[in-house]
J.: 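I'd like to ask some things about the structure below.
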Amino acid sequence: MQIRMTVLGPHVPRGARGSSVDVLVTAPSGTPLSAVSVGLADAVAAAAGGAGAGIPAGSAVPLFAGERALDPDRTVLGEPPLTDGAVLSLGAPGVPGEHAEAPVRLLIAAGPDAGGVHLLHGGQVRIGRSGEAEVPLDDPDVSRLHCAVTVAEDGRASVADLGSTNGTTVDGVPVGERPVPLRPGALLRIGESVLRLEGADTLEHAQTPDSAPPADGGPEPYAAPARRGFWSRRFGTAPSEAAELPRESRPPADPAEAGRWPDPAEVLLAALGGARHSSRDTGHRDALSVRLGTADTHGAPEPLVVSLREAGSLGLAGPRPRLTGLARSVLAQLATLDATDDLELVLLAADRARPLADRLADWSWLGWLPQLRPARGQDCRLLTAYDREQASARLGELLRRLDGDGGGGPAHTVVVVDGDVGPAELRDAVARLGLRGPAAGIHLLCLAETPSATPSSPLTASYETAVADTPGFAECGAVALLSGDVASFLRVLWRPATADPATGESGTAYGTGRAWLDGPGSDPRATPGGDWFAAAVAEGRETPGRPGVVDAVSAAWAERLARALAPLRAPADGEGAGRAPGELPASVRLLDELGLARATPTALTARWADRTRALAVFGAGPRGPLEADLTAEGTQPVFVEGAAGSGKTELLRSLAASLAASERPDRLQLVLIDGGGSERGEGLRVCTDLPHVSTYLPANDPLRMREFAQSLAGELKRRTELLAASRGVPGQRGGGELEPPPSNTLRLRPQSAQAVQSAPDARDVRDARMAQRLLAAQPRLVVIVDDYDALIAPALGSPARPAAGSVVRALDTIARDGGRLAVDLIAATGRPEQTAGASARTRAELLVRLGAAPDVPPGRGELHRPGKSPVPFQAGRVTGRIPRTATARPTVVPLEWERMGAPPTTRPLRELGNGPTDLALLASALQRAAQSAGADVTPVLA
């Protein structure tokens with residue numbers, strides 16, 4: 001498991017970056033924070049020059065996530081708040097979260113500095129371009145101190161102009177120096193920026209620090225709060241709020257379109273709160289659509305929107321600072337609004353004309369996004385390329401998909417091409433992606449650094465420069481060029497509709513996913529495409545008006561959003577050697593699927609504290625661990641069919657181990673039966689070290705088998721009477737008259753019969769209440785049977801033959817009535833034809849079919865549920881030797897973003913020769929965890 005996080009050094013001023021370091025923590029799943037706390041402190045000390053950070057080398061210091069102090073022994077890596085994107089601080093609390101209680105907030109809805117969310121606590125807040133302003137804007141048309149918003153004690157707001165050059169308007173009405181009311185929802189326009197006020201009623205959805213998203217693991221050190229206006233850090237948005245756009249930004253003639261194109265501030269709130277996240281899957285009409293800015297159309301501002309599915313690829317050109325801000329906004333929308341599992345992002349930033357430090361400053365924020373983690377088995381840790389070798393690897397992976405060798409994975413890939421990628425073969429590869437990629441779900445976002453278009457430097461000149469400097473730009477079906485003296489305006493132009501030279505079908509050059517060009521025989525690589533672009537400019541073929549105001553966001557804004565989204569796709573162990581969604585591995589370690597790679601008592605007690613379920617984990621499914629909650633409706637019984645060599649016995653062992661890991665032994669107990677006895681082996685005997693196992697029965701002793709059947713039947717009868725008494729059913733015995741099972745063959749912990757016998761012999765409603773309490777205190781009982789067919793049809797001469805019928809009858813009772821008695825049955829057969837009519841098979845709600853063929857790995861099977869499609873899985877293995885990586889020491893190393901696109905250095909996974917098995921490791925940890933939790937553990941009766 002690998003987690004990327006940022007650690008701030010001690011004594012960091014509030015809101016300042018201070019001494020901090022991005023680190024990569026590598027550790028087995030379930031590792032406590034205490035195992036890496038010294039390493040985190042050493043990493044900060046090294047980054048700050050050792051003694052300069054005030055941290056003695058090798059010392060452990062208190063760690064905080066925001067204001068919350070973290071318990072180093074109970075806080076586990078990989079669980080909130082220690083997830084990807086977390087920000088921790090050493091020695092002192094981070095930025096407090098009291099800002100979430102502000103009465104109103106001010107959103108920067110549109111403009112060159114869009115996306116800001118400021119909390120207003122009362123009093124006067126000045127807005128302007130000056131550093132003295134509480135809400136600073138990077139808008140050249142805004143005065144140094146442009147206007148002031150005042151929030152009264154009752155939450156009402158007003159606004160007054162401060163003698164600005166270009167004036168202030170509220171909903172189109174000019175504002176003078178005398179304050180006028182600024183109601184919630186009103187649009188405040190200054191320069192080219194649009195701001196929107198939200199009142200206290202909308203803050204009902206704001207999250208407190210305790211309910212913050214998992215990714216909000218600490219302070220926001222990258223945007224210093226002003227005196228009364230603060231950067232938003234913890235917000236949730238209700239669906240209705242997230243869908244509400246400024247009235248100025250939606251076409252008045254079609255109110256049904258409202259909410260389709262959220263402004264950058266709403267995108268940030270959606271990422272922090274999760275209300276709109278992943279709302280656009282591949283079938284959504286707006287999938288891969290992005291808002292670039294706003295333009296005046298028929299007197300009303302309207303969003304400038306481009307669909308990558310229609311355009312194929314999108315080119316952006318202009319001066320570097322504003323160009324990068326626009327690209328951040330585009331990528332943030334895609335990462336937040338499109339389904340995480342449907343989108344993959346790839347970065348090509350290998351242009352040697354720009355220093356590496358500048359490229360990292362522009363793009364390191366992307367590394368926090370989950371969409372850059374390899375999901376198709378790519379040989380890297382992140383889908384980035386900061387040098388030509390990495391760019392060659394990324395382009396090779398993408399080109400193989402064009403040739404039909406893509407495998408599974410996200411449906412869409414957006415490739416960011418920032419400038420030149422290198423030699424001619426790499427430029428040609430990008431051009432191929434631009435031409436053929438859209439048909440394979442690959443879309444380019446090409447960035448070209450050009451002068452801003454002005455009357456002295458026309459649009460066509462900017463376009464020709466972009467085509468010459470950035471590969472793939474000529475293949476873009478839509479281009480957005482920045483214009484104006486300070487590049488605050490935007491012009492969006494589209495390629496003309498064309499006809500398929502093969503079929504004559506009309507459509508945009510890329511919108512239908514076909515790989516034809518502007519016209520028969522034309523080649524934009526040979527002719528840069530200036531003809532169509534010049535014609536588009538002359539015809540005014542722009543969308544929707546001319547010109548628009550660009551939506552650009554800051555690096556701090558983008559990083560905050562990316563950190564919030566970081567935990568949404570959990571990284572796998574050994575990233576880079578991962579598998580595509582839907583692809584199953586040849587073998588699976590059960591403890592990895594349980595998140596218990598080290599299986600420590602602390603991790604188990606924490607797991608028990610968070611669960612009140614009997615969770616059976618079958619192994620690895622197409623999208624993570626495949627599990628079933630036996631306490632839920634419709635999961636009892638479970639029946640497994642698998643021939644010899646299919647791995648059915650190992651699957652039963654794994655189910656027993658996963659159930660033991662899900663609950664304390666005094667709340668869940670296991671009864672194990674080897675139906676074949678010594679005839680077929682005693683495969684379940686190795687599970688008797690689990691403290692949850694109260695009884696183990698090999699079917700080789702008729703006398704003991706009869707005693708077991710009688711004892712199990714007695715326990716079922718006792719639970720039935722308890723259930724009847726709890727419901728006040730007349731004629732049933734009260735709780736005080738219940739007797740323990742008639743035999744000691746079946747042992748259950750805790751021995752609740754003593755408590756029952758000591759209860760008063762009451763005949764009124766107190767019996768029902770007592771029975772309810774006793775019924776709730778009963779441990780859940782799970783009976784696991786291997787070789788069930790050997791009990792149904794024992795072989796001639798088998799020692800189990802005389803008494804098998806009595807055991808089967810008791811198991812049939814569980815199959816019929818066990819669900820309401822908190823008794824579950826899991827049975828496996830190696831001869832499905834002999835168990836086809838058995839009650840456990842006909843009543844099975846969960847049916848597992850395991851394959852057995854030379855080309856099928858043991859444990860490969862399908863889980864069948866009534867009315868649902870089968871789910872393939874690879875069964876977890878629990879009797880394998882502990883791998884060396886499970887005992888490896890956790891490491892903390894500084895994060896080198898520029899190296900994340902290179903192949904990771906990994907060691908092969910090897911088992912520890914004659915060392916203990918995973919099952920033994922888990923059993924030992926369960927024993928210690930049960931003792932520390934005060935659970936009664938008694939020896940198994942075997």
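Computed over heavy atoms, backbone and side chain alike; hydrogens, waters and symmetry mates excluded. What you are looking at is a predicted structure, and each value in this text was computed from that prediction instead of being measured.
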J.: Do D362 and R320 sit within salt-bridge range, that is, some charged N less than 4.0 Å from a carboxylate O?
T.: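 Judged by the 4.0 Å cut-off on N to carboxylate O distance, D362 and R320 do form a salt bridge.
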
J.: Just so I know, are the side chains of H443 and H412 near enough to count as touching, which here means a heavy-atom distance under 4.5 Å?
T.: yes

J.: Of all heavy-atom pairs between R291 and S329, which one has the smallest distance, and what is that distance?
T.: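 Residues R291 and S329, closest heavy atoms: O-OG, 4.3 Å.
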
J.: On a heavy-atom basis, which atom in P567 and which in T83 lie closest, and how many Å separate them?
T.: CG-OG1, 3.5 Å

J.: Do you know the tightest heavy-atom contact between L337 and P262?
T.: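 For L337 versus P262, the nearest heavy atoms are CD1-CG, 3.6 Å.
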
J.: Can you list the residues that meet the side chain to side chain donor-acceptor pair (under 3.5 Å) rule with E898, with sequence neighbours excluded?
T.: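 Partners of E898 by the side chain to side chain donor-acceptor pair (under 3.5 Å) criterion come out as none, since no residue qualifies.
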
J.: If the condition is side chain to side chain donor-acceptor pair (under 3.5 Å), which residues does Q390 pass it with, not counting sequence neighbours?
T.: D387

J.: Does some side-chain heavy atom of T454 sit less than 4.5 Å from a side-chain heavy atom of S483?
T.: no

J.: Under 4.0 Å between a side-chain nitrogen and a carboxylate oxygen: does that hold for D418 and R354?
T.: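 Looking at R354 together with D418, the answer is yes, because their closest N to O distance falls below 4.0 Å.
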
J.: Mind checking whether V23 and M5 have side chains closer than 4.5 Å, heavy atoms only?
T.: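 Yes; the side chains approach each other to less than 4.5 Å.
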
J.: Checking R328 now: which residues fulfil salt bridge (Lys or Arg N to Asp or Glu O under 4.0 Å) with it, not counting sequence neighbours?
T.: none

J.: So, the side chain of R359 versus the backbone of Y386: is there a donor-acceptor pair under 3.5 Å, distance only?
T.: yes

J.: Looking at V415, T384, L398, which hits side-chain contact (heavy atoms from CB on, under 4.5 Å) with L348?
T.: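 The single option meeting the side-chain contact (heavy atoms from CB on, under 4.5 Å) with L348 is V415.
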
J.: With sequence neighbours excluded, what pairs up with T282 under the side chain to side chain donor-acceptor pair (under 3.5 Å) test?
T.: none

J.: Write down the atom of L447, the atom of L445, and the distance for their closest heavy-atom approach.
T.: CD1-O, 3.7 Å

J.: Could you check whether any side-chain N or O of D338 sits under 3.5 Å from a backbone N or O of L288, counting only pairs where one atom can act as donor and the other as acceptor?
T.: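 Judged by distance alone, yes, a pair lies under 3.5 Å.
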
J.: Identify the heavy atoms of G111 and D551 that sit nearest to each other, and give their distance.
T.: N-OD1, 3.2 Å

J.: Can you run down the ring pair (Phe, Tyr, Trp, His ring centres under 6.0 Å) pairs that involve residues 364-385, sequence neighbours left out, and say none if there aren't any?
T.: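 As it turns out, the ring pair (Phe, Tyr, Trp, His ring centres under 6.0 Å) pairs with a partner in residues 364-385, which skip direct neighbours, are W368-W897.
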
J.: Got T336 and L565 here, is their nearest side-chain heavy-atom distance under 4.5 Å?
T.: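 In short, these two side chains touch, coming nearer than 4.5 Å.
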
J.: Is there any ring pair (Phe, Tyr, Trp, His ring centres under 6.0 Å) pair reaching into residues 467-492, and which pairs are they, with sequence neighbours excluded?
T.: Y463-F473

J.: Which pair of non-hydrogen atoms, one from P264 and one from V553, has the smallest distance, and what is that distance?
T.: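 P264 and V553 have their closest heavy atoms at CB-CG1, 3.9 Å.
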
J.: If we ignore hydrogens and angles and just use 3.5 Å, is the side chain of Q378 paired with the main-chain N or O of R376 as donor and acceptor?
T.: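 Yes, Q378 side chain to R376 backbone: donor-acceptor pair under 3.5 Å.
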
J.: Would you check if D139 and P112 make a side-chain contact, meaning some heavy-atom pair closer than 4.5 Å?
T.: yes

J.: Within this structure, what is the CD-CG distance for the pair E559 and L366, rounded to the nearest 0.5 Å?
T.: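 Atom-to-atom, E559:CD and L366:CG are 10.5 Å apart.
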
J.: Roughly how far, to the nearest 0.5 Å, is the CG atom of L402 from the CZ atom of R400?
T.: 11.0 Å

J.: Are T413 and R401 close enough, and set up right, to give a side chain to side chain donor-acceptor pair (under 3.5 Å), and what steps lead you there?
T.: CA-CA 11 Å; T413 299; R401 289 172 53 191; 2.7 Å; yes

J.: Could you tell me whether R322 and D138 make a salt bridge, using a distance below 4.0 angstrom between a side-chain N and a carboxylate O?
T.: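 A salt bridge links R322 with D138.
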
J.: Given salt bridge (Lys or Arg N to Asp or Glu O under 4.0 Å), test R373 with D84 step by step and report yes or no.
T.: CA-CA 12 Å; R373 299 185 192 131; D84 254 339; 2.6 Å; yes

J.: Would you compute the distance between atom SG of C446 and atom CG of D469 and round it to the nearest 0.5 angstrom?
T.: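 So the SG of C446 and the CG of D469 are separated by 12.0 Å.
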
J.: Kindly indicate whether the side chain of C380, heavy atoms from C-beta on, has any atom under 4.5 Å from the side chain of P903.
T.: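 No - every pair of side-chain heavy atoms lies 4.5 Å or more apart.
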
